[in-house]
Amino acid sequence: MRLSTYFLPTLKQTPAEAQIVSHRLMLRAGMIRQSSAGIYSWLPLGLRVLKRIERIVREEMDAAGCHEVLMPTIQPADLWRESGRYDDYGPEMLRIKDRHERDMLYGPTNEEQITEIFRGAVKSYRDLPRNLYHIQWKFRDEVRPRFGVMRGREFLMKDAYSFDVDYAGAKRSYNRMFVAYLRTFARMGLKAVPMRADTGPIGGDLSHEFVILADTGESAVYCHPALLAHDVLAADIDYRGDLEPVVEEWTRHYAATDDKHDPGSCPVPADELVTARGIEVGHIFYFATKYSEPMGCAVTTADGDSAPVHQGSYGIGISRLAGAIIEASHDEDGIIWPDSVAPFAVGLINLKSGDPACDTAAGDLYAKLLAAGVEVLYDDRDERAGSKFANMDLIGVPWQLVVGPRGLKQGVVELKRRATGECHELSVDAALSRLVG
RNA sequence: CGGGGCGUAGCGCAGCCAGGUAGCGCAUCUGCUUUGGGAGCAGAGGGUCGCCGGUUCAAAUCCGGCCGCCCCGACCA
């Protein structure tokens, strides 16, 4: 992408409404713009990040045997009357009427919708287990939206729903999601810690929240150091196998958010206890037959009886993650994207646009990187060097490739790693092979 | 929903208390000079002062109402 033709409205100054670092950086980096309280537009750079996050989530869900669907944002109130939640949900639910005065709502979640789909289609235990997920915008009319996209009213969420014939099957489904979540967050360069959680309005008796560690996180977390040492990506996971030992390994250690943490009864010695701050980015629930029973979602069992299916639901805050990743990875100069979610892999800086040698060398590098399938943002604008450096640091592209007149005289370009600031002078070919390899 | 704050040019702000026809920095445009970490000089353009009403010869400024946004708290992916 040539920056001279891109839409990247970066800001030198921080808008007054933004307080926390991810919100400030997302506005400054031209990723988002606020529409109204807790509702945002995603600009090209932000949308790229959102799509990268979405892709990792989708790949891990598919690998765990889930099937993607897409349910509507607008749901009929009658569906929620079946489960009893239409009256329970309260003012957080955005209620609307269509032209026929029918009660509708903008979905805050989709348990009822998926249960309706499933009950109409599946009648036999032979068709279980199944797990269906979608990635869709939700709306919860928060009393007090804040922290930019981290706590918006409108947000993009991946929610998956599992269907099993009994508790044992549901626990296996739960375990698959548990492991898939660990892998998903690890792939985004995040340290995620699963914690026992309350089930809240969704109900049920087995639940974990996944909290990622970030210095500026909203709540304090305490955990055993072993939880940070595990490398879930190193292990080869077979989702058809028994995942109980893996889950066991992650749940036997102490982990608590500050509302649950009690220094007096904490089993981890104070000098070993990891104290950090965290942001909740995922939540998984097993809630048995809470919806299947009232909504009549049942299958015929092997003995010919009819039994309501056991369900679970599994959420990941996709748009929240965009902010959370920035909270976990930034410095005074701007964002530091992990490679896996970066909007571009390489930021190519032509320090002196208009200089024939620089234009030729940079243009050539740009073409070769594109041809090799590398996503490059090429700053070909007629701007000063300092402003190009500052801008590239701000938007946080992992690699900066700098082409300037000084280096070209020696036959070199510079390759800088955004995360560490490490910078090496390399020949053009060496730089290319480093980035393409 | 309780408490607090703010709304003046694209962004950041001053002006309001002591009413007199709107200003600064950045950004934008033009020209010249500069050119390896957000350049300098000169010039130019851009504002229903959130909205409605009231007071007054005169309102960004005073009064009343409304709307929006932010922060703290209680609540949440």
Side-chain angles (χ1 to χ4, degrees), chain A residues 9-20 23-24 27-28 30 33-39 53 57 89-93 107-110 135-160 181 185 197-202 207-212 218-219 257 259 279-285 313-324 332-334 349-355 358 379 381-394 400 402-409 412-414 416 421 423 425:
Chain A
T10 56
L11 266 26
K12 207 191 282 193
Q13 282 166 311
T14 302
E17 76 260 19
Q19 298 299 316
I20 64 159
H23 190 194
R24 283 196 269 210
L27 288 167
R28 288 193 53 210
R33 284 295 181 267
Q34 179 164 321
S35 168
S36 60
I39 303 179
I53 294 170
V57 170
Y89 217 91
E92 274 209 349
M93 181 150 74
T109 178
N110 290 66
I135 296 174
Q136 177 66 290
W137 293 91
K138 308 285 192 290
F139 194 92
R140 292 183 193 170
D141 201 356
E142 296 273 348
V143 234
R144 191 186 155 206
R146 61 187 123 170
F147 306 143
V149 299
M150 299 250 290
R151 179 123 175 239
R153 292 192 292 172
E154 187 182 56
F155 55 98
L156 187 60
M157 180 174 163
K158 184 284 301 178
D159 40 326
Y181 273 38
F185 299 127
D198 292 330
T199 51
I202 293 181
S207 176
H208 285 88
E209 26 182 80
F210 288 75
V211 175
I212 60 149
E218 44 191 327
S219 57
T257 50
D259 47 321
I279 301 167
E280 184 185 348
V281 290
H283 205 152
I284 62 178
F285 303 88
S313 76
Y314 315 90
I316 289 180
I318 306 264
S319 49
R320 170 178 281 194
L321 270 166
E332 319 77 68
D333 296 325
I349 297 179
N350 181 348
L351 282 186
K352 198 168 180 182
S353 296
D355 175 86
C358 288
D379 192 344
R381 296 171 308 158
D382 183 18
E383 289 289 330
R384 302 177 64 82
S387 128
K388 292 190 175 187
F389 285 130
N391 208 250
M392 207 57 92
D393 285 346
L394 173 63
Q400 292 177 13
V402 181
V403 177
R406 214 168 64 195
L408 283 184
K409 282 190 188 122
V412 296
V413 295
E414 287 150 55
K416 179 180 143 186
C423 188
E425 294 198 330

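Numbers restart at 1 for each chain; the letters A, B, ... are given by sequence-line order, proteins then strands.
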More 5' along RNA chain B: P15(A) or G38(A), using each one's nearest nucleotide? P15(A)
Closest nucleotide of RNA chain B for A18(A) versus for R151(A): which of these residues is on the 5' side? A18(A)
Donor + acceptor pair across side chains of Q136(A), D159(A) (<3.5 Å): no
Which nucleotide, in any strand shown, forms a Watson-Crick or G-U wobble pair with [N], with both distances under 3.5 Å?
N      : answer
A22(B) : none
G53(B) : C63(B)
C1(B)  : G73(B)
A39(B) : U33(B)
U48(B) : none

Parallel, tilted or perpendicular: which describes the rings of H283(A) and F285(A), with under 30° parallel and over 60° perpendicular? parallel
Spacing of [X] atom [atom1] and [Y] atom [atom2] [to the nearest 0.5 Å]:
X       : Y       : atom1 : atom2 : result
E154(A) : R140(A) : CD    : CZ    : 13.0 Å
I212(A) : R320(A) : CD1   : CZ    : 9.5 Å
R153(A) : E92(A)  : CZ    : CD    : 11.0 Å
M392(A) : S387(A) : CE    : OG    : 10.5 Å

What string of B, S and - do you get for nucleotides 34-48 of chain B, 5' to 3', if B is base contact, S is sugar-phosphate-only contact and - is no contact with any protein heavy atom under 4.0 Å? B-BBBB---------
Looking at C72(B), I'd like to know if its phosphate oxygens (OP1 or OP2) sit under 4.0 Å from a side-chain N or O belonging to R144(A). yes
If the cut-off is 4.0 Å, is Q34(A) near the phosphate of C70(B), judged by side-chain N/O to OP1 or OP2? yes
Can you figure out which of G73(B), A77(B), C70(B) approaches the side chain of A37(A) most closely? C70(B)
From A77(B), C1(B), C72(B), nucleotide with atom closest to V143(A) side chain: C1(B)
Less than 4.5 Å apart, any side-chain heavy atom of I349(A) and any of K416(A)? no
Using a heavy-atom cut-off of 4.0 Å across all strands, would you classify S319(A) as base, sugar-phosphate, or nothing? nothing
Would you kindly give the CG-to-P distance between N110(A) and A77(B), to the nearest whole Å? 15 Å
